Amino acid sequence: MIVVEDIQKHFGGFRAVDGASLTIETGSITGLVGPNGAGKTTLFNVIAGVLPPTSGRIIMDGEDITGLPPHELFDKGLLRTFQIAHEFSSMTCRENLMMVPGGQSGESLWNTWFGRKRIATEEAALRAKADEVLEFLTIEHLADHPAGAISGGQKKLLELGRTMMVDAKVVFLDEVGAGVNRTLLNTVGDAILRLNRERGYTFCMIEHDMDFIGRLCDPVIVMAEGKVLAKGTIDEIKANNEVIEAYLGTGLKNKDAVGA
Amino acid sequence: MTKSLDTRAVMLFALVAVLFIGTGFVQSWNTTLTILNMGLISAIMALGVNMQWGYAGLFNVGIMGFVALGGLAAVLVSMPPVEDAWAAGGIQVLLGLVLGAATVVGAILVWTRMPAGWLRAVLMLTVLIGGFFIFRAVFDAGVAAVESINPASTGYLGGLGLPILLAWPVGGVLAAGAAWIIGKTALGLRSDYLAIATLGIAEIIIAVLKNEDWLARGVKNVTSLPRPVPYEVDLQSSEAFLGFVGWLGADPVTASSVTVKLAYAGLFLVVLLALIWLSEKALNSPWGRMMRAIRDNEVSASAMGKNVKARHLQIFILGSAVCGLAGAMMTTLDSQMVPGTYQPLRFTFLVWVMVIVGGSGNNWGAVLGGFLIWWLWIQVEPLGALLMQGITAGMPVDSWLRDHLLDAVAHMRLLTMGMILLLVLRFSPRGLIPER
């Protein structure tokens, strides 16, 4: 369980996140929605240790993880993907996946010179696992392509694939579906559901596609102007007046159109 | 040997070999070996810079400083200690340095251990200022005593009088220490600050070497460093050597010179091959993959559990150590330490040209660049003169153009380096042997 307690993140005078508090239950797929500029990605960056919060705390399973660097959060099982794909462009897709697991004996220089046998065994296992993940994501034909040369949607899949290389506890997905076509989006959705059910991953995902959210997420949290506005099932959220106002403004109370 | 050494690379290495062998036939084998020895050292420097830039994307523009530290190591390890200087003020100089270090440590302790407030600030300043005056009083008196002992031939503390081969690893360690200090302060910041820090600290290192006479005689230079190989005169008076040369039918003087150079080349080649083996194994492994990932995208590598800062520090220290090792080897080859010869153009810019032309990210590329660029750096002068004489051959003797062109020979070196760099960046932007 991740508890976000009253997080503030200011950039100069601008309050990107202005006292957001929320809870992500273990085993849930929590959706995080809100109009552009609501502070969703900033909040992700604060949770993921990329930005230090101005104030507030983040608790993971009873432990204060506020301000820990990303690589320490990774070791605790907190992973994330990026809104704009952050692939390792000069490496092949397979290498992008194989680099992920921590504590590889081949990451020690000494072993690269005098522990070749152990590395070879580990590499074979990693390679098999990476190929399995690529197949799961239906991009096995790209295994040997440089990751910088594949399409934007495929990069998003690759990012999701990276989180599958280890046993994560919580995965934060920042618009994993953006730029991915319908067919592929269903694949991504299936992958997320399977990881959630079979491997017990907890997800928190920023998304704009309401159908996609409706299929996967419960509960859904709505942010606006740096604050948490509402939390509930997708139907409750769609019927919430405050949420509609946040998206469309007070001048446009066209409820029928939104509800449709 | 490995996947990064393909047909194209083999051809390029063959071409460089032809250049060196051709030099042997056209000029002399002595010249070839002189260029080759420095080429071997250049290749090692390029390997070190390639580790930092090619593997990890760290922009080090202070290579000169690390090379000079290696040179200092050669003096401090191999020269005999100056007994009189030690007796006059050696202990005092060391005591002064210890006091200086203690002052800094004391100030840090005050700052970290005391509660914040004006009392802490005042106390820290008192420690710093008081410590500085005590340090100068002890240190300066010691330095004056040391430097007054026979200043024309010594005037410094000398070294440890150990075999000079020991200086090679020591040079690496000295450079690694400097890299640790720079890396600790500058690597957490944006990458351009590392460039500024290395640029500045390299100049500081040279300034210290030029001015601290008690350390390595400053601009008075240290000459006649002991050698790891025999002297020519000893060879010329050795019965066995003369017999061997007589059997070959060669001139003893030339043969002794060539033998000495071959001995150096052998030593350097062993170091180069060992470093290539170590770096190829490291690069083609999960470690190398992790480094490439960090270079490609630091944010993402960090999110995937890699400690970017620690890895940057590791590779920065290793690359600098290799440059320090090469610096100690170079001073060994020269048998002298001349601080005035350390120029950024020669020891930072030129090594960068080697890495970029050779192919950053590829160890073989860096090695090729080391040999090729060093050969060009030396041979452009005679070739340039030849070219200009050819062009001006038909011109009247009093023509202004002829005079101008002949004067321009002196500048051919920089012009050619610039041209080579431009041509490679235009037609093979990832270097002659690209990463993959």
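In what follows, chains are A, B, ... by sequence order, proteins preceding strands, each numbered from 1. Everything numeric in this text was worked out from a predicted model, so none of it was measured.
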What distance separates B/Arg311 CZ from A/His71 NE2, expressed to the nearest 0.5 Å? 10.0 Å
Side chains of A/Ser90 and B/Arg295: does their closest heavy-atom pair fall under 4.5 Å? yes
Between A/Leu78 and chain B, with a heavy-atom cut-off of 4.5 Å, which part of the residue counts as in contact: side chain, backbone, both or neither? neither
Sequence neighbours left out, what passes side chain to side chain donor-acceptor pair (under 3.5 Å) with A/Arg118? Give chain and number order. none
Minimum heavy-atom distance between B/Ser300 and A/His86, given as atom pair plus value: OG-O, 2.8 Å
Whether over 12 other heavy atoms sit under 6.0 Å from B/Arg113 CZ: no
Would you tell me whether A/Arg116 and B/Ser285 have side-chain atoms, one donor and one acceptor, within less than 3.5 Å of each other? no
Neighbour count >12 (heavy atoms, 6.0 Å) for atom NZ, A/Lys76: no
Quick check on A/Met98 against chain B: is it the side chain, the backbone, both or neither that has a heavy atom closer than 4.5 Å? both
Got a sec: does the OH of B/Tyr193 have more than 12 other heavy atoms crowding it under 6.0 Å? no
Checking B/Lys281 side chain against A/Leu109 main chain: does a donor-acceptor pair fall under 3.5 Å? no
Atom group of B/Leu318 that falls short of 4.5 Å from chain A, counting heavy atoms: side chain
Which atoms of A/Glu72 are under 4.5 Å from chain B, going by heavy atoms: the side chain, the backbone, both sets, or neither? neither
Can you tell me which of B/Gln314, B/Arg292, B/Met304 forms the most heavy-atom pairs within a distance under 4.5 Å of chain A? B/Met304
How would you list, in number order, the residues of residues 165-184 of chain B that have a heavy atom less than 4.5 Å from chain A? none
Has the side chain of A/Trp113 got a donor or acceptor atom that lies under 3.5 Å from a matching backbone atom of B/Leu278? yes
Side-chain heavy atoms of A/Met99 within contact of B/Pro286, under 4.5 Å: no
All side chain to side chain donor-acceptor pair (under 3.5 Å) counterparts of A/Glu122, not counting sequence neighbours: A/Ser105
Less than 4.5 Å apart, side chain to side chain, heavy atoms only: is that true for A/Pro69 and B/Lys309? no
Examine distances only and state if a side-chain atom of B/Asn297 and a backbone atom of A/Phe88 form a donor-acceptor pair shorter than 3.5 Å. no
Would you call B/Arg289 and A/Glu107 a salt bridge, using N to O less than 4.0 angstrom? no
Contacts under 3.5 angstrom, residues 134-144 of chain A side chains, donor-acceptor by atom type, not counting sequence neighbours:
from     : atom 1 : to      : atom 2 : distance (Å)
A/Asp144 : OD1    : A/Arg94 : NH1    : 2.7

Step through the shown structure and confirm whether more than 12 heavy atoms of other residues, nucleotides or ligands are within 6.0 Å of CD1 on A/Ile84. no
